[in-house]
Amino acid sequence: MSLPSNRHTQFNLLGLAGTDSNASSSEVAQTQHPAGMLEEKTLNKKRARSPEDVPEMVSDTSKKTSRLDRIQATEPLRPKAIKESPWKYYEKIYDLELAGEVEVAVRKADPNELVHVRTFTSPGAEKALYRYQHLQHANIVTALDAFTTDTGLFLVVEAMPISLERMVQSPAYPNEAQLAAIMGQLLKGIAYLEAEGLEHGSLCCSNILLDTDGTLKISNQECCGVMSRSKDGRDDLRALSSIMMELMQKYVKEDAAIGIDDLHRWQSSSDAVGLLSATTSAASAAELLKVSIGRNICDTVL
């Protein structure tokens with residue numbers, strides 16, 4: 001199973017979680033929380049147009065370059081904490097459980113993009129701010145703004161509406177191309193942390209997120225710590241094996257063994273099982289990225 005290296009290749013990964021990958025951010029949010037209806041009303045109110053104008057407005061909005069795209073096209077964003085309330089600049093819509101407790105909000109100024117607001121209190125706030133400021137990668141969730149008040153630190157991060165946990169809970173299974181798209185992006189994110197001398201230490205399906213075009217990003221950077229010389233990042237690789245098993249068969253083995261029971265769906269000689277086996281012996285995510293088994297699927301579009 002070749003791991004896709006082309007970050008612009010799109011895979012219908014959200015479809016595996018019962019979500020249309022072509023849906024807007026607000027449409028995806030509605031599938032997760034009934035208050036999404038409120039969110040859509042808020043966005044429509046901000047457009048301040050008649051119903052017949054809505055299709056044109058959506059079309060125009062889709063052509064705009066998002067704030068995150070503009071940031072990533074120039075230089076990494078390292079937001080400094082401003083001593084103000086985030087709600088001066090953002091309007092809260094509802095609470096959501098996604099890789100922890102987050103508040104879904106919309107930016108009051110143009111562009112009126114959806115964001116997630118995470119709150120941290122002492123003593124972890126300082127570490128969280130530092131990690132979000134300094135960890136910059138295409139497969140790591142990006143912080144857009146930071147605010148401090150008497151109640152704590154508020155980090156405004158890009159909205160990532162779906163977790164791999166929801167994909168595991170859905171009845172659908174990924175095929176090899178989709179699994180390779182997931183694992184390739186996840187490995188790149190872990191390899192980046194390794195290069196920074198860090199390990200996440202708490203990787204699981206619930207804190208690995210997807211956006212609406214199928215881009216995967218690791219969340220909860222506050223969990224990252226300096227890589228132990230005795231472990232050499234093995235905690236993240238062990239987590240990687242479990243994540244892959246959950247995606248392939250919806251569960252991990254009770255005896256902590258690495259392997260697949262469903263050999264009808266995933267034959268023992270398949271590329272996917274070969275990659276899973278490689279996770280048990282590889283010394284690093286960077287090494288796993290070099291694994292290339294079977295056909296090249298870098299240019300496949302699902």
Side-chain angles (χ1 to χ4, degrees), residues 7-8 10-33 35-36 39 43 66-72 76-77 79 86 90 92-107 111-120 128 131-132 135-146 154-170 174 178 181-190 192-193 200 202-224 243 247:
R7 64 171 295 191
H8 299 292
Q10 292 189 7
F11 293 83
N12 187 8
L13 300 179
L14 296 189
L16 296 173
T19 302
D20 184 355
S21 63
N22 294 320
S24 67
S25 296
S26 58
E27 289 170 337
V28 171
Q30 288 182 45
T31 68
Q32 294 209 50
H33 198 285
E39 174 181 338
L43 293 178
S66 72
R67 183 165 54 130
L68 182 59
D69 288 338
R70 292 199 299 269
I71 290 167
Q72 293 177 335
L77 178 66
Y90 295 90
K92 178 179 175 178
I93 303 174
Y94 59 86
D95 295 320
L96 180 66
E97 182 68 28
L98 186 67
E101 295 181 0
V102 301
E103 294 169 289
V104 179
V106 64
R107 192 166 183 259
N112 301 123
E113 59 194 348
L114 288 174
V115 297
H116 289 171
V117 181
R118 296 184 177 274
T119 305
F120 298 88
R131 292 291 187 233
Y132 278 84
L135 295 178
Q136 305 282 331
H137 187 268
N139 298 117
I140 302 288
V141 170
T142 299
L144 303 173
D145 288 311
F154 299 84
L155 282 175
V156 179
V157 302
E158 58 182 313
M160 303 288 290
I162 301 291
S163 71
L164 286 188
E165 182 178 38
R166 178 166 176 178
M167 189 177 293
V168 170
Q169 292 171 349
S170 76
Q178 292 166 330
I182 294 170
M183 298 307 297
Q185 294 181 83
L186 180 54
L187 282 169
K188 288 176 185 177
I190 298 174
Y192 165 75
L193 294 178
H200 191 283
S202 298
L203 280 179
C204 59
C205 288
S206 64
N207 58 29
I208 300 169
L209 309 179
L210 292 167
D211 67 13
T212 52
D213 69 0
T215 300
L216 177 147
K217 300 195 178 189
I218 296 170
S219 181
N220 296 41
Q221 294 94 299
E222 69 276 8
C223 296
C224 294
I243 290 166
L247 289 170

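Quick note: residue numbers are just sequence positions, from 1.
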Run Leu216 and Ile208 through side-chain contact (heavy atoms from CB on, under 4.5 Å) and show every step you take.
CA-CA 7 Å; Leu216 177 147; Ile208 300 169; 3.5 Å; yes
Just so I know, are the side chains of Leu210 and Ser163 near enough to count as touching, which here means a heavy-atom distance under 4.5 Å?
no
Test side chain to side chain contact (heavy atoms under 4.5 Å, CB included) applied to Ile218 and Val141, Asn207, Leu186, the passing residue:
Leu186
Set out, in order, the CA-CA distance, both residues' side-chain angles and the distance that settles side-chain contact (heavy atoms from CB on, under 4.5 Å) for Thr215 and Met160, then state yes or no.
CA-CA 9 Å; Thr215 300; Met160 303 288 290; 5.5 Å; no
Calculate, to the nearest 0.5 Å, the distance between atoms CD and CG belonging to Gln178 and Leu247 respectively.
11.0 Å
First locate atom CD of Gln221, then atom CG of Leu193, and finally report the distance between them rounded to the nearest 0.5 Å.
8.5 Å
Just jot down the ring-ring contact (aromatic ring centres under 6.0 Å, His included) partners of Tyr192, sequence neighbours excluded, or say none.
His137
Where Cys224 and Leu135 come nearest, the two heavy atoms and their spacing
SG-CD1, 4.1 Å
Would you give the length of the straight line joining atom OH of Tyr132 to atom CG of Asn220, rounded to the nearest 0.5 angstrom?
5.5 Å
What distance separates Leu209 CG from His116 NE2, expressed to the nearest 0.5 Å?
8.5 Å
Please check if the side chain of Asn139 supplies one atom and the backbone of Lys217 the other of a donor-acceptor pair under 3.5 Å.
no
What's the shortest heavy-atom distance between Ala105 and Val117, and which atoms?
CB-CG2, 4.2 Å
Distance col, row Leu187:CG vs Ile182:CD1, nearest 0.5 angstrom, shows 11.5 Å
With sequence neighbours left out, the residues meeting side chain to side chain contact (heavy atoms under 4.5 Å, CB included) with Cys205 are Leu164, Glu165, Val168, Ile243, Glu246
Let's go through Thr142 and Glu158 carefully: what are the C-alpha distance in whole Å and the side-chain angles of both, what is the deciding distance for side-chain contact (heavy atoms from CB on, under 4.5 Å) to 0.1 Å, and is it a yes or a no?
CA-CA 6 Å; Thr142 299; Glu158 58 182 313; 3.3 Å; yes
Quick one: OH on Tyr90 to CZ on Phe154, what's the gap to the nearest 0.5 Å?
13.5 Å
So which heavy atom on Leu155 is nearest to which on Ala146, and how close?
CD2-CB, 3.7 Å
Would Arg118 and Glu222 pass as an ion pair if we require N to O under 4.0 Å?
no
What are the two closest heavy atoms between Ala99 and Ser219, and how far apart are they?
CB-OG, 4.0 Å
Holding to side-chain hydrogen bond (donor to acceptor under 3.5 Å, both in side chains), I want the full list of residues that pass it with Glu103, two or more places apart in sequence or in another chain.
Lys92
